[in-house]
Undergrad: 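The structure under discussion is supplied below as structure tokens; questions concerning it will follow.
Chain identifiers are assigned alphabetically (A, B, ...) following the order of the sequence lines, protein sequences preceding nucleic acid strands; residue numbering begins at 1 within each chain.
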Amino acid sequence: MAKPLDARTTQAESRWRSKWSETGIYRYDPRRGRDETFVVDTPPPTVSGSLHVGSVCSYTHTDLMVRYQRMRGQNIFYPMGWDDNGLPTERRVQNVFNVRCDPSAPYDPELRLEFGRGEDLVLVSRRNFIELCDEVVAEDEKKFKDIFQRVGLSVDWNQNYATIDERCRYVSQFSFIELIKAGHAELRDAPTMWDVDFQSAIAQAEVEDRVRDGHLWRVRFAVEGGGEVHIATTRPELLPACVAVTAHPQDDRYAQLVGKNAITPLFAAPVPIIADEEADPKKGTGVLMTCTFGDAADVEQWRSLDVPAREVIGRDGRIKNAPWGEVPWVSKDPHAARGVHDKLAGLTVAQARRAIVDMLGEAGCLVGSPEPVTRPVKFYERGERPLEFVVSRQWFVNLLDKKDALIEQGRKIQWHPESMRRRYEDWVLGLNQDWSVSRQRYFGVAIPVWYEVRSDGSVNYDSLILPERSDLPVDPSAEAPHGYDEAQRGRPGGFVGDPDILDTWATSSLSPLILTGWPDDPRRTAALYPADMRPQAHEIIRTWTFYTIARSLLMDGSIPWYHAAISGFVVDPNRKKMSKSKGNVVLPTDVLDEHGSDAVRYWAASSRLGVDTAIDESVYKEGRRLTTKLRNAARLVHGFEGVSGDATNALDLAFVARTRASVERVTAAWESWDHARALELSESWFWADLCDNYLELSKARAYAGDPSALGTLRKAIDVALRLFAPVLPFVTEDLYNEERDAFISVHRAAWPLPAEMEGAGSADPFDVAVQVLAEVRKAKSAAQVSVRWPVTTMQVRGPEAFLSPLRTVMSDVESTLNAGASELVIDESRDRCDVVATLGQSDPS
RNA sequence: GGGCGGUUGGCUCAGCCUGGUUAGAGCGCUGCCUUCACACGGCAGAGGUCACUGGUUCGAAUCCAGUACCGCCCACCA
């Protein structure tokens, strides 16, 4: 059981937090140029519920690099954003206030609602709804900010945005209008993936496969002119939507049928039998039906075959009432077809499936019994019912024709770890749809478009009315375009506003631009864009990474950042993903309370980018151990009295050389974005070289006030504090300022560089001294005596190459070991040394 | 089905790119050592056929090929 966090640590952490905030040491300086500025495109966390401990880990990873860069003299632009637009917020607001948005309701400026559910459901205008959303997210933002500050993120809190705020709406709408003008975004009336519960279009990136049990039915189709063909399907309810039947061109079983018509059972619709490479002879019966629309393949075939669409599933996920009646010509027996359809109309997909299977069975059109199958089914990632393809009017951003360019952009970016680039490329290569950006929701950035209404009252979707830049952000459902007044809304000769909002990623994908003054302040933009670093989790490579790269490409062909730092997941100690249902969620506030900020940061810093990390109590303990060790080492050195001088003693010089080599390696690790390696190297230098060995070896001289030892020790502590400052910002700041009258932040101090340790020569004397030390310690341990136990005589036998450096530091070795006379014997026959120590007979005390 | 990552002492991980003396660290474990920075410490120790198979090489944890298992990402679902 770990000892509770001592009050000193907690108080120091909170004191330094306040001090940093008061003194503004993390503030961005807009006067400095791009080449000396390090820009972070911080992920705006979704502010709903509580912050995940995994977020604490990955945000800390960012802060580690930021603090390193700051100490390297970089001007840091490290903002914070909040992602508050979109569905999660809407759902929370609906629950918290018991309201629903009614876009047709007028705005009520006096509306005041209490937190907690009211008795009756209240319908509010879109603007009121958005205001309520603002209210709710403000609460969450406070909680998130508190945790981020506790963990010591060196964010410049003056650089802040929320994806629903005016600035973001402005940037998002402006950029979208630019996409329209450039022909990258267009309105299409086309089959789109649709969530029947959320009543909204969904983009490919928001879709996930879930494995579901189902059945494979074999259905008998008659062939015009005689014969029959069996098709296999898991979705018989789409039979009325069947527009073609396909078989593979090399499939001999069906070759003679191609070109003829099949007749669908129950509906008696003639549909062409077509040879198609996509039909796999090994699956099902080798023959499948193309329906409008069961899946993306259907959409593709429907396009390429140029057959009519027969949409049977409505936006509510139920079988439509009318379509069959609207196109009676497709059936050879319209009356019977209508009779069948009437039984299906209004049923959900699942109900219709059962009903149609029953009817097919009665009609003798099922072959054999259904075969149970499990197959992946597409769901909206937040949805509960399978997605359907429905025809609707949506805005799309064209990306399918830009795969090559998107991959090319990805290659200009450095990925950490490198393997994540492949994930991005795989996603790009697997794209099969353009980006559907309109969402039939309320809390988000409105699509900034109106459409003209013709004199006959119909909407002319080809005739867009775009807002002026000076009017942005706009809400087309509440504001009239220039040259019109509100009375003309929906009237012949008037206008209608696009009722939809943009996909949340349409705004998030502009995150590297949002705070850069784009597009109105080109000087600021040039100083902040592209960003240096995009930190994020790997799960959103398909969304945030991808869309951001795409937006920059479409904007001006730029890349959004130079480095993408991808963090892994944090999993529970059993390597399982944390989830509320499993009850294995670890709250950031709990670990911070229990172990302290520095220890939690130490844990985060121990994990490498891209690697999944398990919650591990022992690592927090290790972090606390390190902070304690730092305090104690600093206390010892700060307690020595005497004047510091230059290092002149042989051991001191050798230790400086050893330190210089370590600093070089630590710095190289930071430069290669490997904070875990940097920490490991810093630690082994500090713990072994400095504390276990050099401190012991120089202690006697330090107590005696030797200026060389004192100068070297003080320098070593100073280096240690700076080396650990990125990882342990609190304890290092505390110790750095322990001896100072006026506050100077270690986080503004210069990173230790080898240049500070020039002229130290070789580290050999230190290394050989350590070897002799280890030998004698071993002997004392074997004899079960204390480290201070006296050594009466000591003989070191070895080659001159070893003894020569040892000779220069022998007095320190002797005093550390409490040894009397010692003898060095040259023996070139061995490549190492032997140490023979005779221990004293009695306790020194 | 495709792609990526992993498999090293009881646990968590490093080392692998650039093959070469007894494979490292922390935790845990064992023994010893406490007035002189630190017992949230120090010293010493036990514990590993580096997943498996084959290959390259004088030499393989490290390079190559394949297999198994674990995890993640993706996939037009008949």
Undergrad: Please give, in whole Å, the distance from rC72(B) P to D426(A) CG?
TA: 17 Å
Undergrad: Does the side chain of E228(A) pick up a donor-acceptor pair with the side chain of H230(A) at under 3.5 Å?
TA: yes
Undergrad: Between F640(A) and W217(A), which has a closest nucleotide on RNA chain B that is more 5'?
TA: F640(A)
Undergrad: Look at the side chain of S786(A) and decide which nucleotide, out of rC76(B), rC43(B), rC33(B), has an atom nearest to it.
TA: rC33(B)
Undergrad: Tell me whether the rings of H675(A) and W670(A) are parallel (<30°), tilted (30 to 60°) or perpendicular (>60°).
TA: tilted
Undergrad: Could you check whether H61(A) and S607(A), counting side-chain N and O atoms only, form a donor-acceptor pair closer than 3.5 Å?
TA: yes
Undergrad: Could you state the CG-P distance from N818(A) to rC33(B), rounded to the nearest angstrom?
TA: 17 Å
Undergrad: Distance only, no hydrogens: is a donor on one side chain within 3.5 Å (strictly under) of an acceptor on the other, for T816(A) and E696(A)?
TA: no
Undergrad: So, is R423(A) near the phosphate of rC73(B), with a side-chain N or O under 4.0 Å from OP1 or OP2?
TA: no
Undergrad: Using a 4.0 Å heavy-atom cut-off, does D298(A) contact any base of the nucleic acid, only the sugar-phosphate backbone, or nothing at all?
TA: nothing
Undergrad: Is there a donor-acceptor contact under 3.5 Å from the side chain of E641(A) to the main chain of G705(A)?
TA: no
Undergrad: Verify whether one side chain among Q536(A) and S58(A) offers a donor that lies under 3.5 Å from an acceptor in the other.
TA: no
Undergrad: Expressed as a whole number of Å, how far does the P atom of rU49(B) sit from that of rC11(B)?
TA: 13 Å
Undergrad: Given rA44(B), rG3(B), rA75(B), which nucleotide is nearest the side-chain atoms of D209(A)?
TA: rA75(B)
Undergrad: Separation of L695(A) atom CG from rC36(B) atom C1', in whole Å?
TA: 14 Å
Undergrad: Could you tell me if T60(A) and R601(A) have a donor-acceptor pair between their side chains, going purely by distance under 3.5 Å?
TA: no
Undergrad: Give one of base, sugar-phosphate or nothing for T233(A), where a contact means two heavy atoms less than 4.0 Å apart.
TA: sugar-phosphate
Undergrad: Have a look at A279(A) and say if it touches a base, only the backbone sugar-phosphate, or nothing, with a 4.0 Å heavy-atom cut-off.
TA: base
Undergrad: Considering every strand and a 4.0 Å limit on heavy-atom distances, what is the contact class for R608(A): base, sugar-phosphate, or nothing?
TA: sugar-phosphate
Undergrad: Scan G610(A) against the nucleic acid and name what it touches under 4.0 Å (heavy atoms): base, sugar-phosphate only, or nothing.
TA: nothing
Undergrad: Rounded off to whole Å, could you give me the CD-to-P distance for the E388(A) and rC77(B) pair?
TA: 16 Å
Undergrad: So, OP1 or OP2 of rC74(B): does either fall under 4.0 Å of a side-chain N or O from R542(A)?
TA: yes
Undergrad: With a non-hydrogen cut-off below 4.0 angstrom, is E539(A) in contact with a base, only sugar-phosphate, or nothing?
TA: nothing
Undergrad: At under 4.0 Å between heavy atoms, what does W687(A) touch on the DNA or RNA strands: base, sugar-phosphate, or nothing?
TA: sugar-phosphate
Undergrad: Tell me the interatomic distance from L609(A), atom CG, to rA14(B), atom C1', rounded to whole angstroms.
TA: 16 Å
Undergrad: For a stem of at least 3 consecutive Watson-Crick or G-U pairs with distances under 3.5 Å, i pairing with j, i+1 with j-1 and so on, which stems involve RNA chain B?
TA: B:1-7 with B:68-74, B:10-13 with B:24-27, B:29-33 with B:41-45, B:51-55 with B:63-67
Undergrad: Suppose you measure atom C1' in rU35(B) against the same atom in rG41(B); what distance do you get, rounded to whole Å?
TA: 15 Å
Undergrad: Heavy atoms under 4.0 Å, any strand shown: does K780(A) hit a base, just sugar-phosphate, or nothing?
TA: nothing
Undergrad: Between rA75(B) and Q204(A), is there an OP1 or OP2 to side-chain N/O distance shorter than 4.0 Å?
TA: yes
Undergrad: Looking across every strand, which nucleic acid part, if any, lies under 4.0 Å from R212(A) by heavy atom: base, sugar-phosphate, or nothing?
TA: nothing
Undergrad: Please tell me which of M420(A) and H538(A) maps to the more 5' nucleotide of RNA chain B, matching each residue to the nucleotide holding its nearest heavy atom.
TA: M420(A)
Undergrad: Salt-bridge test for D718(A) and R714(A): reply yes if a basic N is under 4.0 Å from a carboxylate O, no otherwise.
TA: no
Undergrad: Would you measure the distance from the C1' atom in rU7(B) across to the matching atom in rU12(B) and give it in whole Å?
TA: 14 Å
Undergrad: In B/S/- notation, 5' to 3', how is nucleotides 20-30 of chain B contacted by protein heavy atoms closer than 4.0 Å?
TA: ------SSS--
Undergrad: Taking the C1' atom of each, how far is rC13(B) from rG5(B), in whole Å?
TA: 15 Å
Undergrad: Say we look at rG24(B) and rC16(B): how far apart would their P atoms be, to the nearest angstrom?
TA: 15 Å
Undergrad: Using a strict 4.0 Å threshold on nitrogen-to-oxygen distance, state whether E622(A) and R624(A) make a salt bridge.
TA: no
Undergrad: So which nucleotide from rA75(B), rA44(B), rA14(B) ends up closest to the side chain of K778(A)?
TA: rA44(B)
Undergrad: Kindly point out which of rG31(B), rC4(B), rA75(B) is positioned nearest to the side chain of Q784(A)?
TA: rG31(B)
Undergrad: Find the distance H675(A):NE2 to rA14(B):P and express it as a whole number of Å.
TA: 11 Å
Undergrad: Quick check: do I231(A) and T233(A) have side-chain heavy atoms less than 4.5 Å from each other?
TA: yes
Undergrad: Does a donor on one side chain and an acceptor on the other come within less than 3.5 Å for D674(A) and S672(A)?
TA: no
Undergrad: Using the C1' atom as the point on both nucleotides, what is the distance between rG15(B) and rG20(B), in whole Å?
TA: 15 Å
Undergrad: Among rC33(B), rC38(B), rA75(B), find the nucleotide with the atom closest to the side chain of W427(A).
TA: rA75(B)
Undergrad: For a ring-ring contact (aromatic ring centres under 6.0 Å, His included) with H538(A), tell me which candidate from W544(A), F569(A), W415(A) qualifies.
TA: F569(A)
Undergrad: What integer number of Å spans the C1' atoms of rU34(B) and rG48(B)?
TA: 34 Å
Undergrad: Counting any heavy atom closer than 4.0 Å, what does E775(A) reach on the DNA or RNA strands: base, sugar-phosphate only, or nothing?
TA: nothing
Undergrad: What is the nucleic acid contact for K629(A), judged by heavy atoms within less than 4.0 Å: base, sugar-phosphate only, or nothing?
TA: base
Undergrad: Starting at CG of D612(A) and ending at P of rC70(B), how long is that distance when rounded to a whole Å?
TA: 16 Å
Undergrad: Please report, rounded to the nearest Å, how far the C1' atom of rC74(B) is from the OH atom of Y424(A).
TA: 15 Å
Undergrad: Does the pair R635(A)/E738(A) count as a salt bridge with the N-to-O cut at 4.0 Å?
TA: no
Undergrad: Roughly how many Å apart are rC58(B) and rC17(B), using the C1' atom of each and rounding to a whole number?
TA: 23 Å
Undergrad: Give the nucleotide from the list rC4(B), rA75(B), rA44(B) with an atom nearest to the side chain of S781(A).
TA: rA44(B)
